[in-house]
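First comes the structure, then the notes that go with it.
Residues: numbered from 1 along the sequence shown. Remember, it's 1-based here, ligands and their atoms both numbered in the order they're listed.
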Amino acid sequence: MCTSGRSGRKRVCCQTIKMERKWWKECVIYQLYPRSFYDTNGDGIGDLRGVIEKLDYLKELGIGAIWLNPVYESPNDDMGYDISNYQDIMPEFGTIEDMDELLEKAHQKGIRIIMDLVVNHTSDEHVWFIESRKSKDNPYRDFYIWRDGKDGKEPNNWASFFTPSAWKYDETTDQYYLHLFSEKQPDLNWKNPVVREKLYEMINWWLDKGIDGFRMDVINLIAKKEGLPDGEGEQTISGYNFCPEHFANQEKLHDYLKELREKCFYGRECMCVGETPFVNPEIGKKFISPKEKELDMIFQIELMDIDSGKNGKWEIVPYTLTDIKSDLRKWQKATEVGWGSLFWSNHDQPRPLSRFVTITSEEMRVRAAKMLGVAMHLLKGTSFVYQGEEIGMMNASFTSLEQLRDIESIKYYEEAIKAGKAEEAWNAILKKGRDNARTPMQWNDSDYAGFSTAVPWLMVNENYKKINVAEAEKDKNSILHFYRKLIQFKASDEVAIYGKFEELFEEDEQLYVYKRSLKDNSFLVICNFSEEEKTFDMNEYQGLELLFHNCENTSNQKLLSYETRVIKLK
Ligand code: ISL
Ligand code: CA
């Protein structure tokens, strides 16, 4: 539970902590993917009433806030990241009254609500774009980025995230519009002050309703390089250039973020976390430094790309534990200027149990899930637990293209077929396709895992009979029970929240060991990231309290595979 702000009770003495206390530093946030959480009306799609019904489950988990993936009106080309009306709810998810009720009931239980804010682009079905494409002198024309073609081709060579070119030709006015994502996600023109004002109005409308903050989708892409120059790097398989140097972290971005903060967040108790791909610590620090007055936290994506090659996520490359450790260390350090976020996955990433460890048995799944939970969430920063992580959900075993729903995977596969690389692409999709994380929440072992009474929009993982909430409730050694304890600890222990981070054995390729300390208190985290046992002398800790432990091993000389111990030192 959050300990300041709404609930008021302060456990941590401000004087011992030389940084500003905030509610969002003292709570664990649950990322909830509404489409796959719980379906209450039997249409195979999760809905807001489903979230309301499961609030007690979330409360018991100990989380202090929910980040809801987009629930706004949307034709769903990119699962809600293509918004056609910011001030209404997608009918499949419910109504604005359901949203109000969710907000009220969540708040009654001391759970805050953070919404997704998607303002780099809208849907092409948003009224602004419908108007914009009508004529060159339409008042909304300049809400988007329109250009003439060059020599019968696109205005520049930019590749989009989802399709070959980032430009789409529109016959009505014989011009192209920019879309960094799908053709149905035209980029807004942030240079236009009217666009900014309209967005600020909408943001304030939600904040006035009482929501507690935003997760800002690709917020560091809103400013584009002046003149939209061609990219110069290597070409993608379809001959375009993926050039974040021209669309991410541009100078103007900082002006926009400062203005946004001033116009919408000033004087409010809300929290803003920016999703910021293509950011290194140098750039990241600027966003989160309190004196810059831009964002409270960022989601840096570097760790999520630890296995991506120079051609992007689908080129899967090997990595070592020391790569992971140095990434985490680098960001623990960088976020000292402000505050950091912690997560193993989200709706865009594969399941961590299918990615960062090798699972060979049910016992190892349970043990490794607890170890991963400890390793990440006892670092310094706000923990985000992605739906299903608390029961150890894993990647789905898709067998055909028809089972996929994610535009990114589908478009990539289509391009790969053209390039004669279908098999390679399918293997990459199985490992890293975004649908892996989006399969329905597994509540029990009944049909469709208790998620719905109808065929779900995306198939249920076949392992649901074994891996589900009801099973986990019954077993006192389950991942779920462990996560409840871990979350409660992370959200209330002052060392876990504000303690200094110090790493040991940095070069070890099997162990992740770090210490957290605050004034006279400290604890030590030991994680064996390997399937192999590890000889490790722990005699000096004999008799000290074990805060967390994930297996029956009393040896002080060795750690079992995926074992973790958290030892209270003082
Ligand atoms: O998903 C990715 C890799 O698989 C990322 O490159 C992702 O596209 C990028 O981080 C932006 O993600 C966000 O904006 C997208 C949306 O599709 C994602 O779901 C969202 O998290 C466009 O709005
Ligand atoms: Ca439904």
Side-chain angles (χ1 to χ4, degrees), residues 31 33-53 67-72 74 76-83 89-95 98 116-123 159-163 166 179-188 215-222 242 244 247-248 273-279 298-305 307-308 312-316 343 345-350 355 384 386 405-412 428-429 431-438 440 448 451-457:
Q31 183 193 346
Y33 197 72
R35 206 170 187 78
S36 297
F37 192 60
Y38 188 52
D39 172 24
T40 55
N41 64 345
D43 63 356
I45 297 170
D47 40 55
L48 289 177
R49 301 224 65 83
V51 184
I52 297 173
E53 280 195 28
W67 149 28
L68 274 186
N69 280 100
V71 292
Y72 311 94
S74 161
N76 264 320
D77 191 50
D78 183 20
M79 292 306 151
Y81 282 93
D82 47 320
I83 297 171
I89 300 296
M90 189 185 310
E92 288 171 340
F93 286 163
T95 62
D98 293 331
D116 223 302
L117 182 73
V118 190
V119 289
N120 175 68
H121 43 267
T122 67
S123 161
S160 118
F161 282 74
F162 297 157
T163 55
H179 61 88
L180 289 180
F181 294 88
S182 93
E183 292 171 10
K184 289 184 66 61
Q185 292 167 295
D187 281 54
L188 281 164
R215 173 268 187 189
M216 301 178 169
D217 191 59
V218 287
I219 197 67
N220 61 327
L221 311 192
I222 57 178
F242 192 69
F247 61 70
V273 49
E275 186 218 21
T276 54
F278 320 111
V279 158
I298 58 167
F299 289 138
Q300 61 91 9
I301 316 286
E302 280 190 325
L303 179 62
M304 297 294 112
D305 273 328
D307 53 1
S308 304
K313 71 178 270 183
W314 301 119
E315 187 198 350
I316 304 177
F343 59 101
S345 70
N346 59 39
H347 64 293
D348 292 335
Q349 300 296 332
R355 186 182 201 183
F384 288 78
Y386 178 60
R405 297 289 174 271
D406 174 25
I407 182 169
E408 183 189 48
S409 297
I410 295 168
K411 295 272 183 190
Y412 163 61
I429 288 170
K431 289 206 174 93
K432 288 179 84 180
R434 306 195 297 183
D435 282 326
N436 279 309
R438 301 177 180 182
Y448 311 124
F451 159 74
S452 174
T453 51
V455 181
W457 71 279

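Atom numbering of ligand 1 starts at 1 in the shown order; those under 4.0 Å from a heavy atom of D78 are 15 (C), 16 (C), 17 (O), 22 (C), 23 (O). Atoms of ligand 1 found under 4.0 Å from any heavy atom of F161 (numbered from 1 in listed order, with element): 6 (O), 8 (O). Near H121, meaning under 4.0 Å from any of its heavy atoms, are these atoms of ligand 1: 22 (C), 23 (O). Atom numbering of ligand 1 starts at 1 in the shown order; those under 4.0 Å from a heavy atom of R438 are 19 (O). Near E275, meaning under 4.0 Å from any of its heavy atoms, are these atoms of ligand 1: 9 (C), 10 (O), 11 (C), 12 (O), 13 (C), 21 (O). Atoms of ligand 1 found under 4.0 Å from any heavy atom of F162 (numbered from 1 in listed order, with element): 17 (O).
Here F93 does not reach the Ca ion (ligand 2): none of its N/O/S atoms is less than 3.0 Å from the metal. Within the coordination shell of the Ca ion (ligand 2), defined by N, O or S atoms under 3.0 Å, N41 is present.
Stacking of R35 on the aromatic ring of W457 is recorded, both the 6.0 Å distance cut-off and the 45° axial limit being met.
Aromatic ring pairs are classed by plane angle as parallel below 30°, tilted from 30° to 60° and perpendicular above 60°; the pair H121 and F181 is tilted.
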Item to check | Criterion ring-ring contact (aromatic ring centres under 6.0 Å, His included) on F299 and W67, from CA distance to verdict | outcome: CA-CA 13 Å; F299 289 138; W67 149 28; 5.4 Å; yes
Item to check | Residues Q349, R355; criterion side-chain hydrogen bond (donor to acceptor under 3.5 Å, both in side chains); working and verdict | outcome: CA-CA 10 Å; Q349 300 296 332; R355 186 182 201 183; 3.1 Å; yes
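Not less than 6.0 angstrom separates the ring centroid of F93 from the ring centroid of Y72.
With respect to the salt-bridge test (charged N to carboxylate O, under 4.0 angstrom), the residues D435 and R405 do not qualify. The existence of a salt bridge linking R438 and D348 is confirmed by a sub-4.0 Å separation between a basic side-chain nitrogen and an acidic carboxylate oxygen. A salt bridge links D307 to K432: at least one charged side-chain nitrogen sits closer than 4.0 Å to a carboxylate oxygen.
Closest approach between the Ca ion (ligand 2) and any N/O/S atom of D39 involves OD1. Looking at D43, its N, O or S atom nearest to the Ca ion (ligand 2) turns out to be OD1.
In this structure the side chain of T95 never reaches within 4.5 angstrom of the side chain of I89, judged on heavy atoms.
The closest side-chain donor-acceptor pair between N76 and E92 falls under 3.5 angstrom. Counted by atom type alone, D77 and S182 present one or more donor-acceptor pairs between their side chains at under 3.5 Å.
The protein atom (non-hydrogen) at minimum distance from atom 15 (C) of ligand 1 is F181 CE2, 3.7 Å. Looking at atom 7 (C) of ligand 1, its nearest protein heavy atom turns out to be D348 OD2, 3.9 Å. The protein heavy atom nearest to atom 2 (C) of ligand 1 is E408 OE2, 4.0 Å. Atom 20 (C) of ligand 1 has D217 OD1, 3.1 Å as its closest protein atom, hydrogens excluded (heavy atom only).
Residue Q349 has no N or O atom closer than 3.5 Å to an N or O atom of ligand 1.
Per-atom contact check: atom 5 (C) of ligand 1 does not touch the protein, criterion being a heavy-atom distance below 4.0 Å.
When O of I45 and OD2 of D47 are joined through the Ca ion (ligand 2), the resulting angle is 100° to the nearest 10°.
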